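So the structure is just underneath, and the comments pick up after that.
Just so it is clear: chains get the letters A, B, ... in the order the sequence lines come, proteins before strands, and each one is counted from 1. Everything quoted here is computed from the prediction, not taken from an experiment. Only heavy atoms go into these numbers, but all of them, side chains included; no hydrogens, no water, no symmetry mates.
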Number of protein chains: 2
Amino acid sequence: MNLKELSELLNLSQTTVSRALNGFPEVSERTRERVQKAAKQNNYAPNKAARGLATGQALSIGHVISTTNQNEMVNPVFGDFVAGVGEVYSKHGYKMLLSIVPPGEDEYQVYRELKAQSTVDAVVVQSPSVDDGRIEFLNKLGIPFIVHGRASECKVPYAWLDVNNRSAFVRATDFLHDLGHRRIALLNGREHMDFAHRRQQGYESSLSSHGIKIDPSIMFSSDMTESYGYQRTAELLKSDNPPTAILTASIIVALGARRAVQQAGLTVGQDISIVTHDDRLSYFHNTADVPMFTATKSSVREAGQRLAELLIQMIANPNMKPPTELLEVELTIGNSTGPAPAN
Amino acid sequence: MNLKELSELLNLSQTTVSRALNGFPEVSERTRERVQKAAKQNNYAPNKAARGLATGQALSIGHVISTTNQNEMVNPVFGDFVAGVGEVYSKHGYKMLLSIVPPGEDEYQVYRELKAQSTVDAVVVQSPSVDDGRIEFLNKLGIPFIVHGRASECKVPYAWLDVNNRSAFVRATDFLHDLGHRRIALLNGREHMDFAHRRQQGYESSLSSHGIKIDPSIMFSSDMTESYGYQRTAELLKSDNPPTAILTASIIVALGARRAVQQAGLTVGQDISIVTHDDRLSYFHNTADVPMFTATKSSVREAGQRLAELLIQMIANPNMKPPTELLEVELTIGNSTGPAPAN
DNA sequence: AATATTTTCCAAAGCGCTTTGGAAAACTCA
DNA sequence: TGAGTTTTCCAAAGCGCTTTGGAAAATATT
């Protein structure tokens with residue numbers, strides 16, 4: 001069923017039917033109701049391509065995921081982020097267009113094509129690195145976009161929504177310091193990723209403000225896997241001067257760290273404290289009465305929702321200045337921390 | 001730059017330019033090269049809406065994810081599956097269209113709209129339940145689709161690609177039996193999910209064939225979270241008649257189980273054996289020289305790739321009978337299993 | 001009753017592409 | 001050389017929608 005058929009069925013012109021459905025004022029309520037009812041009954045909906053062609057809008061938002069950079073899909077955060085974003089898209093009639101860049105192909109070329117083909121109205125940039133080139137590129141290309149995270153070294157204005165990773169890790173480190181910990185290890189994500197870079201800044205800033213010297217030998221940076229948490233922690237525990245506390249970048253890493261601690265016959269929260277960042281992923285409920293881990297929490301799903309809202313505002317209002325938003329984390333005390341051992 | 005402008009630039013008709021770019025034979029090689037070069041230089045690509053309108057093809061494939069059914073996005077497998085699928089889509093010029101159904105809204109209505117609007121050429125059905133209604137619905141709706149998994153109770157023919165979950169769990173259980181284990185617990189996924197249902201069948205079938213009575217008190221079914229693995233295992237270990245081996249549905253659950261075992265002061269692979277299914281997610285490398293867990297392995301990413309290829313074949317060839325494909329798993333021996341304790 | 005104003009509707013253009021049905025040009029062959 | 005073939009190209013229709021510019025009908029104003 002297309003517009004022509006529907007209008008013939010109703011003995012109306014295509015214009016009137018279109019206007020009735022799109023809420024234009026120059027059609028009587030009686031007619032509008034009649035049209036809407038018929039559309040529903042006949043399961044009519046305007047052809048997306050035709051509508052897009054006529055209006056110049058794609059009603060789609062692009063997410064380009066590169067797998068050459070293997071880290072992207074290592075990202076367990078992806079599912080929850082997409083769920084948050086997509087929910088809001090749906091409410092506003094937008095579709096999410098996911099483009100996976102196969103290994104060996106050029107991510108920028110994908111953006112160029114999206115632009116040339118008018119496939120999307122805007123794009124979302126995920127997992128920015130410290131000096132992410134996509135921001136400058138997309139600005140030049142002239143396609144509206146928003147970044148989930150930031151790129152520290154990028155000084156031009158652009159739209160972003162980020163968690164305050166720096167303050168989160170300041171607070172986490174301060175918290176451990178208050179418990180008497182003086183030797184605190186850091187199991188960070190890859191350091192070229194902006195979020196990891198900022199967390200490290202927070203960690204170092206807190207230590208410095210308490211007069212503790214920064215010791216690169218207990219600071220690590222890697223993909224955030226369980227075995228990474230396990231390996232580094234096991235090594236640390238065996239070292240000459242083991243830490244009394246560990247700061248990890250994700251629950252997965254924290255699980256690995258905990259495994260190493262237990263295997264060493266020590267108790268988490270007594271012999272060794274662990275604080276982790278927690279993206280509140282739906283399959284890691286760190287939310288018992290007393291949570292498993294003391295954590296800086298921030299829901300990646302809610303971040304996605306908010307980011308989508310900002311982006312849709314930008315599309316509706318192309319001349320607005322790029323919005324930015326910084327989300328603060330919540331520090332929740334769980335079972336994984338306690339006073340530094342007397343020693 | 002659109003087709004008209006490009007053709008004027010080249011002093012050719014739009015037809016000729018279009019044909020040159022789309023590989024039609026009735027244009028000379030010299031002209032074709034000239035056109036292709038100009039297109040590249042001017043960064044021309046055909047407008048997607050216009051092309052879709054003219055050809056009747058959307059060049060998009062839909063994935064509809066319902067969040068009312070919270071389990072879907074709890075699914076940590078999502079990211080890797082999408083990566084596999086998307087890679088293949090890209091190679092064939094397809095885009096992936098992700099539609100998140102917000103809580104409280106009707107998933108079927110989303111499919112109806114996709115159909116009415118001709119937004120997609122086909123859809124992928126993920127995470128089918130035992131009696132999944134989507135299969136019958138989509139058959140009636142008349143939109144090509146393929147299921148990742150199967151629906152045991154659905155008897156009409158439909159396209160699917162699945163892992164042989166039954167045989168996987170037969171093998172895993174047999175393996176434990178061969179090691180002398182007689183009391184084997186099952187930490188399954190939600191039982192209405194088809195994959196979980198089939199795994200349970202495999203488990204039960206193996207036990208029965210060895211004359212072991214099935215004991216529902218050591219069989220569990222839940223969302224596959226770490227704390228689920230931990231809780232159930234902790235309880236099992238405290239029970240009167242604890243198992244000597246545990247079969248888990250995912251690495252995440254296995255990690256929880258391992259935590260409980262260690263906390264009870266026991267050793268995995270000695271006091272208690274664990275076998276898990278492993279979807280080979282990119283952020284859980286269970287691939288050391290000797291892997292952490294003995295596991296039935298099957299890459300969800302590769303499954304996605306293969307499934308995408310099947311679906312694209314179906315689109316190209318609408319009358320083919322629905323393809324089906326069953327992937328066998330690999331059983332790899334890791335550190336988490338050993339002979340049943342003498343006792 | 002005649003005119004002005006508002007409400008209600010429509011015909012047709014245009015969005016950018018593909019594709020049909022030919023025409024012109026170039027080439028064969030008798 | 002003239003008729004038939006092939007190669008090379010084009011004008012124009014059509015995909016299904018939105019939207020412009022008016023016309024007809026209904027209502028208000030003098």
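- Nucleotides of DNA chain C that come within less than 4.0 Å of any heavy atom of chain B span, from the 5' end to the 3' end, C:dG16 to C:dG21.
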- prompt: For B:Val85 and B:His63, what are the C-alpha separation, side-chain angles and deciding distance, and is it a side-chain contact (heavy atoms from CB on, under 4.5 Å)?
  reply: CA-CA 11 Å; B:Val85 162; B:His63 291 231; 3.8 Å; yes
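- Among the atoms of the strands shown, none is found under 4.0 Å from any heavy atom of A:Ser118.
- A:Thr55 comes within 4.0 angstrom of sugar-phosphate atoms only, judged by non-hydrogen atoms across all strands, and of no base.
- Residue A:Ser28 is classed as a sugar-phosphate contact, given heavy-atom separations below 4.0 Å to backbone atoms only.
- Remark: side-chain polar atoms of B:Tyr111 are not paired, donor with acceptor, to backbone N or O of B:Phe137 under 3.5 angstrom.
- Along DNA chain D, the nucleotide nearest B:Ser13 and the nucleotide nearest A:Ser18 are compared for position; the residue whose nucleotide lies closer to the 5' end is B:Ser13.
- Across all strands, B:Thr15 comes closer than 4.0 Å to base atoms (heavy-atom distances).
- No donor-acceptor pair under 3.5 Å is formed between the side chain of A:Lys4 and the backbone N or O of A:Met1.
- Under 4.0 Å is where a charged nitrogen must lie from a carboxylate oxygen, and between A:Glu33 and A:Lys37 no such pair does.
- Once rounded to the nearest 0.5 Å, the distance linking OG1 of B:Thr119 with CZ of A:Arg51 reads 10.5 Å.
- When atom types are taken as modelled, the side chain of B:Arg32 and the backbone of B:Phe24 share a donor-acceptor pair closer than 3.5 angstrom.
- Ranked by how close their nearest DNA chain C nucleotide is to the 5' end, A:Thr31 and A:Leu53 are led by A:Thr31.
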